[in-house]
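Each remark here refers to the structure printed beneath this line.
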Amino acid sequence: MSTDQLKKEISAIKGTHDILPGEVRLWQIAESRAREIFELYGYRELRAPVIEPTELFEKGTGASSDIVTKEMYTFTDKGGRSITLRPEYTPSVVRAIIEHRLDLQPQPLRYYYIGPMFRYDRPQKGRYRQFHQIDIEVFGEKDPAVDAEIVEMAHRLLARLGVERVMTLVNSVGCKKCRPAYGQELRKAALAVKDRLCPDCQRKAEVNPLRIFDCKNEACREAASGFPLITDFLCPECREHFQKFREYLDLYRLEYRVEPTLVRGLDYYTRTAFEIVAEHLGAQSAICGGGRYDDMVKEFGGPDLCGIGFAMGVERLLSVARIQIPETSFVYFAYLGQEAKKECLRLARALRSEGIESLVEFKDRRMKDHFSRANKLGAEWVLIVGEDELRKGKFQLKDMVNSRQFEGSVLELAAIIKGKKILETT
RNA sequence: GUGAGUGUAGCUCAAGGGUUAGAGCACCGGACUGUGGAUCCGGUGGUUGGGGGUUCGAAUCCCCUCACUCACCCCA
């Protein structure tokens with residue numbers, strides 16, 4: 001096949017992206033900082049498969065949710081099983097807990113994971129078909145202190161990644177006891193003013209009246225301003241949980257706004273719901289969203305184990321992160337002649353054993369071209385091997401940043417390179 | 001899934017019906033005998049996103065399609 005045909009016929013699937021070496025550094029830094037921070041709080045990584053039985057999400061994410069009804073990558077495998085590329089991570093963790101009886105381990109269970117998720121959605125900025133989430137889940141801890149813990153942890157990560165101008169929105173969506181009453185009242189209120197709503201909201205009034213709060217239409221906003229709020233319907237237990245959650249947030253000195261109209265899109269949330277939004281992210285402004293799901297494990301036939309978690313969108317996160325990429329330092333080998341080339345191949349091996357990145361290019365060049373090349377590639381050091389050096393067994397090492405030059409054996413030069421590294425990092 | 005906008009070289013952009021679609025940067029090579037960033041010269045690279053139509057003639061006008069962007073929707 002010609003490259004023309006390749007270009008025409010084979011390209012990355014819509015909504016998916018290659019992450020090229022230039023950008024992948026940012027990903028690695030974000031991922032390693034996330035791991036570092038989560039481990040500081042006692043969270044451990046749990047890796048679940050990318051593919052799961054379709055029923056897992058139908059049951060967990062919710063059969064009526066948008067994600068399940070129109071956004072899943074579902075296919076039948078050769079064994080006739082219905083398989084789905086996970087659109088979110090929480091159901092997988094719940095499955096793993098039940099399957100491996102992880103609830104028998106000391107609780108609370110604290111897990112994290114970083115990986116790709118898949119949703120068949122119309123791509124736009126901050127929304128892709130394969131996207132990546134940093135995911136946190138805690139099981140078996142009812143204390144709202146843990147609700148605040150994960151919010152605080154999210155903020156620590158954001159700060160560590162240089163994310164500024166964020167707003168934390170919190171709410172309680174109640175529980176099985178108090179939420180239904182609120183839902184009825186809200187629907188009643190919405191239907192009462194139905195004729196004043198836009199066509200879209202008239203539909204929402206039937207299906208999901210909570211969504212009317214989000215409408216940008218002026219008439220709808222006005223009509224919605226008189227709607228009842230969940231915060232006025234919470235049962236005493238939920239009210240207390242929400243109250244304490246906020247007290248812990250205050251203890252951490254975290255700024256937040258109570259947003260009584262905040263609903264998470266997934267059906268399973270109970271009590272705490274929160275979202276962290278960033279400015280300058282356009283319509284897809286939520287970089288982190290999460291909440292409590294106290295009934296999910298039980299509904300899967302597992303133990304009565306409460307849960308809470310959040311997901312961060314890595315692509316969104318990186319688009320607002322300000323990460324300084326540390327300069328890479330490596331040695332470029334400038335040689336003259338075939339004998340010198342062979343010597344360089346040996347020397348490079350020795351330097352790599354010392355933990356020093358070394359690059360020997362195989363094309364014979366003039367000295368000037370070697371330097372030009374080293375400069376272009378961003379080498380911090382150039383190690384020169386010519387006839388003189390071969391004879392003496394001592395080599396020239398040039399510091400490309402400060403234009404200083406040293407002479408010595410491999411180990412002496414290695415010490416100079418490492419010495420500078422140590423100086424820089426201390 | 002709906003609406004709007006944009007698609008010209010790897011990147012940033014010219015050419016707005018009329019020869020063979022250009023420039024800068026990048027890349028490769030040359031000038032430069034064992035010391036870089038500069039300069040000068042040259043080269044590779046495009047069926048103008050793809051397909052169809054109108055026309056003597058289309059990058060340019062029309063239709064379809066695909067991708068991207070924005071908004072809706074949804075959510076991370």
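Proteins get letters first, then strands, A, B, ... in listed order; numbering begins at 1 in each.
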Problem set entry | A:Gln405, nearest nucleotide to its side chain (from B:A76, B:U35, B:G3) | B:U35
For this session: Determine the Euclidean distance between corresponding P atoms of B:U8 and B:U48; express it in Å to zero decimal places.
Result: 12 Å
Problem set entry | Cationic tip of A:Arg47 above A:Tyr113 ring, under 6.0 Å, 45° of axis | no
For this session: Using the P atom as the reference point in each nucleotide, state the distance between B:G7 and B:A14 in Å, no decimals.
Result: 9 Å
Seminar exercise, completed: From the candidates B:A76, B:G34, B:C73, the one with an atom nearest any side-chain atom of A:Gln284 is B:C73
Problem set entry | Atom C1', compared across B:U55 and B:G18: separation rounded to whole Å | 12 Å
Give every pair of a protein N or O atom and an N or O atom of nucleotides 28-33 of chain B that lie under 3.5 Å apart, one pair per line with the distance.
from: B:C28; atom 1: OP1; to: A:Arg373; atom 2: NH1; distance (Å): 3.0
from: B:G29; atom 1: OP1; to: A:Lys363; atom 2: NZ; distance (Å): 2.2
from: B:A31; atom 1: OP2; to: A:Arg366; atom 2: NH1; distance (Å): 3.4
from: B:A31; atom 1: OP2; to: A:Arg366; atom 2: NH2; distance (Å): 2.8
from: B:C32; atom 1: O2; to: A:Lys368; atom 2: NZ; distance (Å): 3.4
from: B:C32; atom 1: N4; to: A:Arg366; atom 2: NH2; distance (Å): 2.9

For this session: Output yes when A:Arg44 and A:Glu39 qualify as a salt bridge under the 4.0 Å nitrogen-oxygen rule, no when they do not.
Result: yes
For this session: Using the P atom on both, measure B:C11 against B:U69 and round to a whole Å.
Result: 14 Å
For this session: With C1' as the reference atom in both, quote the distance from B:G46 to B:A21 in angstrom, rounded to an integer.
Result: 8 Å
Problem set entry | Ion pair check, A:Asp250 and A:Arg246, cut-off under 4.0 Å | no
Exercise. Which value, in whole Å, describes the distance between the P atoms of nucleotides B:U44 and B:G10?
Worked result: 15 Å
For this session: Please map the stems of RNA chain B, keeping only stretches of three or more Watson-Crick or G-U wobble pairs with both distances under 3.5 angstrom.
Result: B:1-7 with B:66-72, B:10-13 with B:22-25, B:27-31 with B:39-43, B:49-53 with B:61-65
For this session: Consider the side chain of A:Ala311, meaning its heavy atoms from C-beta on, and name the nucleotide among B:A76, B:C72, B:G34 that approaches it most closely.
Result: B:A76
Problem set entry | side chain to side chain donor-acceptor pair (under 3.5 Å), paired with A:Glu149, selected from A:Tyr252, A:Tyr248, A:Tyr41, A:Tyr43 | A:Tyr43
Exercise. Are A:Asp147 and A:Arg292 within salt-bridge range, i.e. N to O under 4.0 Å?
Worked result: yes
For this session: Could you check whether the rings of A:Phe406 and A:Trp381 sit parallel, tilted or perpendicular, using 30° and 60° as the cut-offs?
Result: tilted
For this session: Using a strict cut-off of less than 4.0 Å between a Lys/Arg side-chain nitrogen and an Asp/Glu carboxylate oxygen, indicate whether A:Asp388 and A:Arg391 qualify as a salt bridge.
Result: yes
Problem set entry | A:Arg119 side-chain proximity, nearest of B:A76, B:G1, B:G36 | B:A76
Exercise. Between B:A26 and B:C63, how far is it from one P atom to the other, in whole Å?
Worked result: 41 Å
For this session: Among the candidates B:G34, B:C68, B:C74, find the nucleotide nearest to the side-chain atoms of A:Ile384.
Result: B:G34
Exercise. At under 4.0 Å, does any side-chain N or O of A:Lys14 touch on OP1 or OP2 of B:A67?
Worked result: yes
Exercise. Parallel, tilted or perpendicular: which fits the ring planes of A:Tyr293 and A:Phe139, with parallel below 30° and perpendicular above 60°?
Worked result: perpendicular
Exercise. Is any NZ, NE, NH1 or NH2 atom of the basic residue among A:Glu299 and A:Lys59 found under 4.0 Å from an Asp or Glu carboxylate oxygen of the other?
Worked result: no
For this session: For RNA chain B, find the residues of residues 126-133 of chain A with a heavy-atom distance under 4.0 Å and give them by number; none if there aren't any.
Result: A:Gly126, A:Arg127, A:Tyr128, A:Phe131, A:Gln133
Exercise. What distance, rounded to whole Å, do you find between the two P atoms, one in B:G17 and one in B:C61?
Worked result: 8 Å
Seminar exercise, completed: Among the nucleotides B:U69, B:G34, B:C75, whichever has the atom closest to the side chain of A:Ile67 is B:C75
For this session: Assess whether salt bridge (charged side-chain N to carboxylate O under 4.0 Å, His left out) is satisfied between A:Glu99 and A:Arg95, documenting all intermediate values.
Result: CA-CA 6 Å; A:Glu99 197 164 328; A:Arg95 179 195 51 68; 2.8 Å; yes
Problem set entry | Donor-acceptor side-chain pairing of A:Gln130 and A:Thr16 below 3.5 angstrom | no
